[in-house]
K.L.:
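Sharing a structure here in structure tokens format.
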There are 2 protein chains.
Amino acid sequence: MAAQHPHPATSLRDVAARAGVSVGTVSNVLNHPTKVSAQTAERVFAAIEELGFVRNEAARQLRQGRSRSVGLIVLDIRNPFFTDVAQGVEDEVTARLRSVLLANCAEDAARESAYLDLFEEQRVDGVLISPVGDVLDRLDRLRSRGMAVVLVDRLASTESYSSVSVDDVLGGRLAVAHLLETGRRRILFVGASTEIEQVRDRLEGARQAVAECAGATLEYREIAGMHLEPALAEGQRIVALPPDERPDAVFAANDLIAIGMLQAFTLGGVSTPQDVALIGYDDIEYAAAAAIPLSSIRQPSREMGRRAAEMLLAEIESGSDGERQHIVFEPELVARASTLG
Amino acid sequence: MAAQHPHPATSLRDVAARAGVSVGTVSNVLNHPTKVSAQTAERVFAAIEELGFVRNEAARQLRQGRSRSVGLIVLDIRNPFFTDVAQGVEDEVTARLRSVLLANCAEDAARESAYLDLFEEQRVDGVLISPVGDVLDRLDRLRSRGMAVVLVDRLASTESYSSVSVDDVLGGRLAVAHLLETGRRRILFVGASTEIEQVRDRLEGARQAVAECAGATLEYREIAGMHLEPALAEGQRIVALPPDERPDAVFAANDLIAIGMLQAFTLGGVSTPQDVALIGYDDIEYAAAAAIPLSSIRQPSREMGRRAAEMLLAEIESGSDGERQHIVFEPELVARASTLG
DNA sequence: TTCCGCGTTTGAATCGTTTCAATTAACCTG
DNA sequence: CAGGTTAATTGAAACGATTCAAACGCGGAA
């Protein structure tokens, strides 16, 4: 069918022929303009225009051995925290004329692994990742192939890779200390699995805060995922409890969980913060707009993405043998009606 | 520096040497396993394993002239509606063993154009796009180069491209009809620029509904973007009005706007829905969880992404000369407390 | 024994760039 | 005007896969 190969793809060779120069010159016009005389360049540009030539990135990549792109594997694209991080990464990377391959692993180690394969086949220059599964071996391999790697928000304790993270233990402490200060004593922490580093750290912070306050107790409940729906179910469980068995405050491992629980509370007639105070984590945009404006622990999400990308690009440009850097941001308490009032 | 080229990148040739076969055979093992005897295949796999060989996608692409990837340009990655669409696309595309290049144009025609360039250079097999700027010429060119194109949610009236969209006029009608039925008469529609097709259509639907109701009025206010912040400002303006000059209902062009306005109302002591009823559009996850659960117009976002990807893949596989399809979904009213009550 | 056919395997050609040593042209300088 | 320098340009050799016509080996039929 003719329509399948309409223009048989114009290449540098065609442009060269049209402009009456060699392919090397056309390539120079595109990549080393200073090496080419003005009138030649002009002729070449005219030919490019007339033929509608567009450089074949695959060929370029093959020859150069670099791809000018970086891969970003995000834990959950539906969580606004991560889209903010991604936005920060994109800002920085595109400003430096590279492109981002954005992949969503949805907290699934299999998908994460598949995307790492993809990135490896694509020969990306660098990878930004918040590891889900056991990927350190894979990352070592990527690095030994010359790719830069920066860890985002997880496994930041791994000395051998640069990382950007937030002090989640501190964040957990801040959250629970705030609950305690506002008079709460029976604290419930809700998260999905302590296998998740963030959950573990925030819980540890919570423990530390509780330990410093006589008479305070901390309980931990595990739900099926860091998302609205499983949190809603957990909220309903709490609503169904006799009032005196309920916690008087809930610390949710992220804002999505908090919002889900708040929804259950509101529907179930448990009033916040009078009956149960509630604090989340991440301070996503929607936290302030929730049924009861949600207290939360703020992380500088976009800035984290920006800095991570910055470090990655530096590593790409300097080769992999520079110093490893570990940037640790400090979280910040944002108190709103769900704990005050 | 040695660390820069640690493994000088093992290629098919190395694998072939190690396994004692020719490069053609190794390629066949990977791409046409039936042509190769079992024991040869085994030896080759062993060599691949030992050398840690990973296929160079750029070379493969160059030779084959296809990239096995599709590009998706999303209007605003921070809007949950679009991440849902993207998720649907990804589900479908990865199930068919291709990858998605996800790009966020942030409602900016320049970025959109830059990403189209990128996709063209990458020779993606197909493009999914919700056009922002004037890109039909560009799309024609992509198609003439053999790339498939499917329009998502915008310009669906363009006969020459397959598309997935929602009947936004109907959506606008549903929203406003609902407001009128619940006794509202002075309706304010808030959107960012009628240059945006969705805004225009939803407004048109609103007009139609108002026209059918004696005594009802419709006003239109333009804000700086389809996001929380500009909506918050507009909300504050309304709060500042003398009560008798306020609208008695607001129809927001999307849920983010609605949430922003709700925030302003709540802070400013304007009660919803008593003083001002409020309805949004998209029915994002957070709508139900807002301060006052938000009425909205639901679009089947994920399904839209899935179907769009399905059509695109079909076009890629069949060549570009099949029938164009135009899938139009019907929106659905979801009434919650922000209009009831 | 020869020949045919079939299943495997081979290796050169190819995709479209970039790179780089070599060439040419042009201009100074003494 | 020869010799030297610089600036432009050339063209062939990669890069690493896929493809495909040709060669090979082997068993069975004649």
Side-chain angles (χ1 to χ4, degrees), chain A residues 5 7-45 47-48 51-69 118 120-125 145-146, chain B residues 5 7-45 47-48 51-69 118 120-125 145-146:
Chain A
H5 292 295
H7 292 296
T10 71
S11 72
L12 263 195
R13 203 184 317 279
D14 305 316
V15 175
R18 176 89 172 208
V21 299
S22 75
V23 295
T25 300
V26 179
S27 176
N28 280 335
V29 169
L30 263 30
N31 304 302
H32 306 282
T34 59
K35 298 187 149 186
V36 174
S37 78
Q39 67 257 39
T40 306
E42 202 172 328
R43 278 219 315 288
V44 169
F45 280 127
I48 288 178
L51 298 176
F53 167 76
V54 172
R55 180 206 264 131
N56 183 326
E57 183 62 29
R60 178 185 173 72
Q61 225 170 276
L62 172 59
R63 177 59 233 239
Q64 295 202 141
R66 299 173 302 147
S67 68
R68 299 161 188 291
S69 62
L118 181 72
E120 211 173 336
E121 290 185 350
Q122 303 268 7
R123 304 289 194 267
V124 296
D125 294 338
R145 292 217 144 85
Chain B
H5 292 294
H7 291 294
T10 71
S11 72
L12 263 196
R13 203 184 318 279
D14 304 318
V15 174
R18 176 87 173 209
V21 298
S22 74
V23 293
T25 299
V26 179
S27 175
N28 280 335
V29 169
L30 262 31
N31 303 299
H32 307 281
T34 59
K35 297 186 149 187
V36 173
S37 77
Q39 69 258 38
T40 307
E42 201 172 329
R43 278 219 315 287
V44 169
F45 279 127
I48 288 178
L51 298 176
F53 167 76
V54 173
R55 186 207 261 125
N56 183 326
E57 183 63 28
R60 177 184 172 73
Q61 224 170 276
L62 171 59
R63 177 61 232 241
Q64 295 202 140
R66 298 173 305 147
S67 68
R68 298 161 192 289
S69 63
L118 180 72
E120 212 173 335
E121 289 183 351
Q122 302 268 7
R123 304 289 193 270
V124 295
D125 294 338
R145 291 216 145 87

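Chain letters run A, B, ... following the sequence lines, proteins first and then strands; every chain starts at 1.
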K.L.:
On DNA chain C, does the nearest nucleotide to B/Gln64 precede the nearest nucleotide to B/Val21 from the 5' side, or the other way round? Give the residue.
P.N.:
B/Val21
K.L.:
A/Ser27 near the nucleic acid: base, sugar-phosphate alone, or nothing, with a heavy-atom cut-off under 4.0 Å?
P.N.:
base
K.L.:
Below 3.5 Å, can you tabulate the donor-acceptor pairs from side chains in residues 56-63 of chain A to any protein atom, sequence neighbours excluded?
P.N.:
unit_1  : atom_1 : unit_2   : atom_2 : d
A/Asn56 : OD1    : A/Ala58  : N      : 2.8
A/Asn56 : OD1    : A/Ala59  : N      : 3.2
A/Arg60 : NH1    : A/Asn31  : OD1    : 3.2
A/Gln61 : NE2    : A/Gln122 : O      : 3.4

K.L.:
Would you say D/dC15 has OP1 or OP2 under 4.0 Å from some side-chain N or O of B/Ser11?
P.N.:
no
K.L.:
When rounded to the nearest 0.5 angstrom, what distance separates CG in B/Leu12 from OG1 in B/Thr25?
P.N.:
10.5 Å
K.L.:
Write out all pairs satisfying salt bridge (charged side-chain N to carboxylate O under 4.0 Å, His left out) with one or both partners inside residues 23-33 of chain B, taking only residues at least two apart or from two chains.
P.N.:
none
K.L.:
Going by side-chain hydrogen bond (donor to acceptor under 3.5 Å, both in side chains), name the residues that satisfy it together with B/Arg18, two or more places apart in sequence or in a different chain.
P.N.:
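B/Glu50.
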K.L.:
Residues two or more places apart in sequence or in another chain: which of them pass salt bridge (charged side-chain N to carboxylate O under 4.0 Å, His left out) with B/Glu121?
P.N.:
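Expected list: A/Arg55.
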K.L.:
How far does the helix from C/dT1-D/dA30 to C/dG30-D/dC1 bend, going by the axes of its first and last five pairs, to the nearest 10°?
P.N.:
60°
K.L.:
By a strict heavy-atom criterion of less than 4.0 Å, which residues belonging to residues 29-39 of chain B are in contact with DNA chain C?
P.N.:
B/Lys35, B/Val36, B/Ser37
K.L.:
Under the side-chain contact (heavy atoms from CB on, under 4.5 Å) rule, collect the residues that match up with A/Ser11, sequence neighbours excluded.
P.N.:
A/Arg13, A/Asp14
K.L.:
May I ask you to evaluate whether A/Ser22 reaches the phosphate of D/dT9, defined as a side-chain N or O under 4.0 Å from OP1 or OP2?
P.N.:
no
K.L.:
What's the CD-P distance between B/Glu121 and C/dC15, to the nearest Å?
P.N.:
21 Å
K.L.:
Please report, to 0.1 Å, the donor-acceptor pairs under 3.5 Å made by any side chain of residues 34-42 of chain B, with sequence neighbours excluded.
P.N.:
unit_1  : atom_1 : unit_2  : atom_2 : d
B/Ser37 : OG     : B/Thr40 : N      : 3.4
B/Ser37 : OG     : B/Thr40 : OG1    : 2.8

K.L.:
What is the separation between atom CZ on A/Arg66 and atom P on D/dG16, rounded to the nearest whole Å?
P.N.:
15 Å
K.L.:
Could you check how far CD1 of B/Ile48 sits from P of D/dG16, rounded to whole Å?
P.N.:
16 Å
K.L.:
Given atom CD of B/Glu120 and atom P of C/dG16, what is their separation to the nearest angstrom?
P.N.:
15 Å
K.L.:
With 3.5 Å as the limit, what N/O pairs link the protein to nucleotides 12-14 of chain D?
P.N.:
unit_1 : atom_1 : unit_2  : atom_2 : d
D/dA14 : N3     : A/Arg63 : NH1    : 3.0

K.L.:
In residues 53-61 of chain A, what residues come within less than 4.0 Å of DNA chain D, judged by heavy atoms?
P.N.:
none
